Amino acid sequence: MSYSVGQVSGFAGITVRTLHHYDKAGLLSPSDRSPVGYRLYSDADLSRLQQILFYRELGFPLDEIATILADPQANALDHLRARHRLLSDQISKLQRLVEVAEQAMEVQQTGVELSPEERFEVFGEVTFDLTYATQAHLKWQHHESYQRSMARAAGHSKEDWAQIMAEAADWRLRLTAAFDAGEPADGEHAMDLAEEHRQHIARWFTPCPTDVHGRIADGFVTDPRAFALAVPPTEQRPGLAPYLRTAVHANAVRRSPADDA
């Protein structure tokens with residue numbers, strides 16, 4: 001079977017100009033010509049083209065592809081190993097660029113309008129995971145309470161955030177102290193700490209009824225990213241997230257609906 005340039009272009013999904021370029025470079029020359037001089041490709045030519053396109057997909061330059069095809073048994077594996085190393089390095093570099101881009105996007109996604117220097121100064125180790133913030137935005141963006149919370153977060157000044165973080169740090173110290181001392185999660189002290197956390201959310205972000213607070217606490221157990229916003233990883237202990245969840249739900253039980261301010 002013989003195939004015209006147009007047919008091969010359609011088979012392979014490449015342009016006629018590309019085929020002409022491969023011919024000119026000596027990489028893929030048609031095996032035959034029609035009586036009027038048109039290029040014609042054989043089945044063997046198509047097989048070679050498949051190899052060329054495979055290596056091109058991996059990013060090999062044309063001169064290196066020509067070297068591989070000239071002696072495939074001797075060179076292909078070494079060339080593929082070298083390309084694998086290069087692609088792995090490129091993936092690592094791109095991943096670092098993704099991380100930089102994510103950090104730059106964080107400010108917009110979280111609604112915290114501070115410069116990077118101010119964010120580091122105020123938040124320290126407490127960071128907003130971009131994937132978590134994005135998922136929360138997609139899930140809750142049309143809910144009034146979420147919109148209110150984001151609007152209030154965006155309106156806080158650097159001084160506001162400094163006070164928020166200072167209150168949170170003091171609360172964390174007392175929470176971990178109660179946990180380390182073995183105080184019961186459904187005891188008065190732990191429930192008081194849970195209530196303090198609920199009031200903190202209500203004061204600085206959005207009204208937080210006990211049922212909403214319970215769902216937040218459930219998230220602390222099911223999603224480490226959520227708990228990291230309340231307690232940084234270096235301050236966490238095994239079992240602390242379930243401890244806080246139990247305290248939150250126990251606090252909800254002891255409170256009356258009228259207390260949900």
Side-chain angles (χ1 to χ4, degrees), residues 1-110 112 115-117 119-120 123 125 127-139 141 222-226 228-229 233:
M1 291 290 294
S2 295
Y3 309 92
S4 68
V5 173
Q7 288 176 311
V8 174
S9 172
F11 294 156
I14 58 176
T15 65
V16 170
R17 182 177 180 180
T18 297
L19 288 170
H20 288 170
H21 179 65
Y22 288 169
D23 186 9
K24 185 176 180 180
L27 189 61
L28 177 67
S29 297
S31 298
D32 200 2
R33 287 184 179 269
S34 70
V36 294
Y38 291 119
R39 296 176 174 86
L40 295 176
Y41 292 85
S42 66
D43 289 334
D45 295 333
L46 292 183
S47 295
R48 184 178 176 89
L49 177 59
Q50 286 181 323
Q51 291 180 288
I52 293 169
L53 296 179
F54 167 73
Y55 288 117
R56 285 295 289 158
E57 186 69 20
L58 292 177
F60 282 89
L62 294 183
D63 56 350
E64 193 169 350
I65 295 174
T67 300
I68 295 172
L69 296 182
D71 190 2
Q73 296 301 319
N75 295 284
L77 185 57
D78 288 342
H79 283 278
L80 286 170
R81 283 172 175 163
R83 179 58 51 173
H84 181 273
R85 289 193 297 270
L86 178 61
L87 290 173
S88 296
D89 290 343
Q90 290 176 340
I91 289 170
S92 297
K93 291 177 182 177
L94 288 172
Q95 184 58 47
R96 288 195 291 272
L97 289 175
V98 168
E99 291 170 359
V100 171
E102 287 180 347
Q103 292 170 4
M105 291 163 59
E106 251 182 34
V107 173
Q108 298 302 319
Q109 286 282 15
T110 61
V112 180
S115 70
E117 293 79 9
R119 288 169 62 82
F120 180 80
F123 292 106
E125 187 188 351
T127 59
F128 292 88
D129 186 296
L130 181 65
T131 58
Y132 179 72
T134 301
Q135 289 170 5
H137 177 74
L138 293 174
K139 183 176 181 180
Q141 59 182 316
T222 59
D223 194 333
R225 300 170 302 175
L229 291 176

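Please read these numbers as outputs of a predicted model, since none were measured by experiment. Any value given below was found using the heavy atoms of this structure, including those in side chains, with hydrogens, waters and symmetry copies removed.
With rounding to the nearest 0.5 angstrom, the CG atom of Leu46 is 10.5 Å from the CD1 atom of Ile52. Taking CD1 of Ile68 as the reference point, atom CG of Asp63 lies at 10.0 Å (rounded to 0.5 Å). Atom CG in Leu28 sits 11.0 Å away from atom CG in Leu62 (nearest 0.5 Å). Interatomic distance, Tyr41 OH to Ser31 OG, rounded to the nearest 0.5 Å: 9.5 Å.
Within a 6.0 Å radius of OH in Tyr38, no more than 12 heavy atoms belonging to other residues, nucleotides or ligands are found.
Side-chain contact between Arg39 and Leu19 is absent, with no heavy-atom pair separated by less than 4.5 Å. Contact of the His20 side chain with the Val5 side chain is registered, since non-hydrogen atoms from C-beta on lie closer than 4.5 Å. Side-chain contact between Phe11 and Leu49 is absent, with no heavy-atom pair separated by less than 4.5 Å.
At least one donor-acceptor pair closer than 3.5 Å links the side chain of Arg48 to the backbone N or O of Leu27. Panel note: side chain Glu64, backbone Pro61; no donor-acceptor pair is recorded below 3.5 Å. Of the possible donor and acceptor atoms, one in the side chain of Ser88 sits under 3.5 Å from a partner among the backbone N and O of His84.
Side chains of Ser42 and Asp45: a donor on one and an acceptor on the other come within 3.5 Å.
When every heavy atom of Leu53 is checked against every heavy atom of Ala12, the shortest pair comes out as CD1-CB, 3.9 Å. Ser2 and Leu40 make their closest contact through CB-CB, 4.1 Å (heavy atoms, listed as atom of the first residue, atom of the second, distance).
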